[in-house]
Structure formats: structure tokens, C-alpha cells
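As C-alpha cells, the structure follows; a few thoughts come after it.
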Amino acid sequence: SGPATMTLSSSVWGWWPSWRPTSMSLLKTAESKILACIHSDLWARFVTLPNQDRIWTLTLTNKAVRKHAEQASKTPLVMVHGFGGGVGLWIRNLDALCRSRPVYAFDLLGFGRSSRPPFPSDAAKAEEQFVNSIEQWRQSVGLENMILLGHSLGGYLATSYAIQYPSRVSHLILVDPWGFPERPQTQTEGGQSQGTEVVKRPALPRWVKAVAAVVSLFNPLAVIRAAGPWGPGLVNRFRPDFKRKFEDLFDDDTMTQYIYHCNAQPPSGEVGFRAMSESLGWAKRPMLHRVHLLPPSMPLTMLYGEWSWVDNSSGDTVVQIRDQAHTRVKLINKASHHVYADQPEEFNRVVENICNSVN
């Protein structure tokens, strides 16, 4: 009777997505298809931190320049991806950027192929756990200084890192950084919020607020996991742009598969992100309140996509807060939030120029 009852129960529950077609090895397979496009010398490995967490790390060097001492003396570029991403998303940038210096890219703690430890639900403590992991990673890899580039959530964490460890950062590059502005107050609070610009913003429809309220109860990517076998299709449907951005490299679903497998694993970094954010993606601890803590002499460049959902007026505010001479804001035309993938040639050119200004 064993097999019979088995078929019965599985037919009853067959429609329920209790399983997810993912695993760390499927993520590894999807990633290796992406990394196969790299022409430079690539060293991919886990870097183990003192607490035994592992950070998945790529190191790229230029075959031609590697022999010379000049590349060794150049400050390395370290790239930090955004929420729900991983090292694979830099595929259009890594070869170009390691022409004259080593480039490091790693999966943030709790994302991609890195360890997925528990995160505290307190915003400051969650942020501290991310930043500590970056500093321990730097020590383990043995970097004295770096040009630190962060995209989106990675930009927020890179800024926090640079405030705490300024001597390690030769130039801070923020690409469409998340979490800078303060959440706009409603006018009812005495109109004292952020001047008139808040009033001009159209109020969100009630249904959007209702959906946001429900979604805020879950980890941001829970829907991908809850979709079980339909998860990969969901990613394809909601993010067809990812497939388009990389279609000259892959004519199949390689990139969406990679994004899916990055985010269908047990949530960890997501939990940390949720601790740091409040409704519809504002930071509980906005970086504009702290950016003055960066040393005035630290060069900072902020790159924004012209068509991005991230409000680039934060860049102008940062310029006002900091010494103008060391702060630059640049708008990349015809780019969305994923500036590096939408306009890779322009992005690579701008970043390379910044790196060459360091040494």
C-alpha cells in the first residue's frame, strides 16, 4: 500500500509548489556559464572570514600587464553588487576594468554564493554585520587600500564602510546608491518635512499602500521562493530587462536563471536588508544624515542612470554637504538603475578614468 498512498497524496498536493528548482550547485552552474565569457585571468574562490563565514570572491588581472610590477603598484578596484545580485552581474565590466589594475568582486554576505548567516532585525546591527564582513574580507584578502565601488544597496554599504574605515578607501564610487534620502514626511506633520518638493510628489494610490503593507510583512523576495517551480518564469516575466541587457552575450535565459538561483536560496542578506529598510525601500538610517562623516579629503563620485527610479537629487545634496572639490555627480544617459549593464562602455570609461585619477 506504500506506493499507492504515496501517489494519492502527491496527486492531492501536486499543484502546491512545495519544492523549488534551485540549489547552490545550480547557482554555481548558472554562474560558471557567465564567467566563461571572461577573457582576463580569473581566480574565483571562497574567502573564509574569522567567524568561518565564506565570501565568494573573484579576482581579475590582465594577462598582458600581470608580468609588470606596474599593475601590482596600482590600487585595486573592489566592486560591491546591489540587492538580490551577485558577481555575475558585472560580466560586461570586469574585463574592461582590469586592464590596468586588479579587480575584485565578491558576493555580499547573505547573497549569491556567499554564506547565509542569520541577521539581526535591528537596522544598525544588520548594517554593522554587513560592514564588518567587508572589513574582514579585506583583511583576509590582504588589501591595504582600494577604490571602492558599490551599486544600489552595495553603494549604501560601501559608504558606511568608508565612514568606518576611511584609511582603506582611496576613492568611493557610488552607482545609483540606495538609502540616501530621508523618507518624505506627510504634510500633516506641520509641513515641516523637506520643504515644498515633498508636496509636489503625487500621493500613492491606496491599493499600492495596501500591497506595500502586506509585502512589508515578508522578506522582499519571498514571492520568488513561494512560486516554487514557477519561480524562474516569474523572474523572466517581471525582469525581462535582465535578459535584454545581456542578450548579446547569452541568447537564452542564463542571466534570469542566475538571478533566480541567487535569490531562491534561503533568505539571509534579504533579512538584513529588510531590517535596514522601511516601506517601499527607504532606509531607516538615511545615508544623507551621515555622509558628512566621510573625511572631506576622500574623493567621492556618484553615478546615476538618467532613467533610474533612484532620485539623483541626493547626489546634489551630497555635493552641498561635502567639499565640492572632492565630490562629483555624473548622470549616465539612457541608463536605468542597472547603469553598468545598460551603458557598459560609458560606465567602464568613467570608472576607468576615476581609477586612473587615483594612480
Over all heavy atoms of both residues, which pair between V80 and L148 is shortest? Give the atoms and the distance, please.
-> CG2-CD1, 3.9 Å
Please confirm whether the backbone N or O of A123 pairs with a side-chain atom of R285, one donor and one acceptor, at under 3.5 Å?
-> no
Could you tell me which residues satisfy salt bridge (charged side-chain N to carboxylate O under 4.0 Å, His left out) with K330, sequence neighbours excluded, listed by chain and number?
-> none
With rounding to the nearest 0.5 Å, note down the distance linking CG in D176 to OH in Y340.
-> 10.0 Å
Side chain to side chain contact (heavy atoms under 4.5 Å, CB included) between I173 and I147, intermediate numbers included | CA-CA 8 Å; I173 306 173; I147 297 160; 3.7 Å; yes
Could you tell me whether the side chain of Y258 and the main chain of I34 form a donor-acceptor pair under 3.5 Å?
-> no
Do F273 and F130 have ring centroids that are under 6.0 Å from one another?
-> no
If you look at every heavy atom in V318 and V291, which pair is closest and at what distance?
-> CG1-CG2, 4.1 Å
Going by heavy atoms in the side chains, are F347 and N93 under 4.5 Å from each other?
-> yes
Close side-chain approach of C98 and T61, heavy atoms under 4.5 Å = no
Pair W137 + F106: ring centers closer than 6.0 Å = yes
Of all the heavy-atom pairs spanning S336 and K245, show the shortest one and how long it is.
-> OG-NZ, 3.5 Å
Backbone N/O of L108 and side chain of H81: donor-acceptor pair under 3.5 Å = yes
For the atom pair CE (M24) and CD (E31), what is the distance rounded to the nearest 0.5 Å?
-> 10.5 Å
Counting N and O atoms only, with roles assigned by atom type, does the side chain of D95 sit under 3.5 Å from a partner on the main chain of H39, one being a donor and the other an acceptor?
-> yes
Is it possible for you to say whether L288 and V310 belong to one hydrophobic cluster, with membership spreading through side-chain heavy-atom contacts below 4.5 Å?
-> yes
What are the two closest heavy atoms between M79 and W90, and how far apart are they?
-> CE-CE3, 3.4 Å
When the side chains of residues 300-307 are checked against the rest of the protein, which donor-acceptor pairs come out under 3.5 Å, sequence neighbours left out?
unit_1	atom_1	unit_2	atom_2	d
T301	OG1	H171	NE2	2.8
Y304	OH	G315	N	3.4
E306	OE1	K334	N	2.7

Is there a side chain to side chain contact (heavy atoms under 4.5 Å, CB included) between R45 and T59 once you walk through the steps?
-> CA-CA 9 Å; R45 73 213 189 268; T59 307; 2.8 Å; yes
Rounded distance [0.5 Å steps], CG in L35 versus CG in L58 | 5.5 Å
Got a second to check how far L143's CG is from Y104's OH, nearest 0.5 Å?
-> 4.5 Å
Okay, side chain of S313, backbone of D311: is any donor-acceptor separation there less than 3.5 Å?
-> no
Contact summary for G84 and N263, nearest pair of heavy atoms | O-ND2, 2.8 Å
Taking side chain as C-beta onward, heavy atoms only, is D248 less than 4.5 Å from R92?
-> yes
Linking I/L/V/M/F/W/Y whenever any side-chain heavy atoms sit under 4.5 Å apart, do L26 and V87 land together?
-> no
Rounded distance [0.5 Å steps], OG in S268 versus CD in Q129 | 7.5 Å
Does any donor atom in the side chain of S40 or R99 lie under 3.5 Å from an acceptor atom in the other side chain?
-> no
Is it true that atom CZ of R54 has more than 12 heavy atoms of other residues, nucleotides or ligands lying nearer than 6.0 Å?
-> no
Under a 4.5 Å cut-off applied to non-hydrogen side-chain atoms, are S140 and L49 in contact?
-> yes
Test M287 against I163 for side chain to side chain contact (heavy atoms under 4.5 Å, CB included), laying out the working first.
-> CA-CA 11 Å; M287 203 46 81; I163 289 170; 4.1 Å; yes
Is R168 atom CZ crowded by more than 12 heavy atoms from other residues, nucleotides or ligands, each under 6.0 Å away?
-> yes
Quick one: CG on L149 to CG on L174, what's the gap to the nearest 0.5 Å?
-> 8.0 Å
Would you indicate whether the side-chain heavy atoms of Q265 and F111 approach each other to under 4.5 Å?
-> no
With sequence neighbours left out, which residue pairs that include part of residues 150-162 fulfil the side chain to side chain donor-acceptor pair (under 3.5 Å) condition?
-> E127-Y156, E127-S160, E135-Y161, R138-Y161, S152-H337, Y156-R290
Between N145 and T75, do the side chains contain an N or O donor and an N or O acceptor separated by less than 3.5 Å?
-> no
Nearest heavy-atom contact between S114 and L109 is CB-CA, 4.3 Å
State plainly whether one hydrophobic cluster holds both L293 and Y165, where clusters connect Ile, Leu, Val, Met, Phe, Trp and Tyr through side-chain heavy atoms under 4.5 angstrom apart.
-> yes
Less than 4.0 Å between a side-chain N and a carboxylate O, is that true for E346 and R349?
-> yes
Decide whether L249 and I38 are clustered together by the hydrophobic rule: side chain heavy atoms of Ile, Leu, Val, Met, Phe, Trp, Tyr closer than 4.5 Å, transitively.
-> yes
Indicate whether the side chain of Q257 and that of H261 have a donor and an acceptor atom separated by less than 3.5 Å.
-> yes
Indicate yes or no: at least one non-hydrogen side-chain atom of F46 is less than 4.5 angstrom from one of R113.
-> yes
Apply the test side chain to side chain contact (heavy atoms under 4.5 Å, CB included) to residues Q164 and I134: give CA-CA distance (whole Å), side-chain angles for both, the deciding distance (0.1 Å), then the verdict.
-> CA-CA 11 Å; Q164 283 192 55; I134 296 173; over 6 Å; no
Indicate yes or no: at least one non-hydrogen side-chain atom of N356 is less than 4.5 angstrom from one of R101.
-> yes
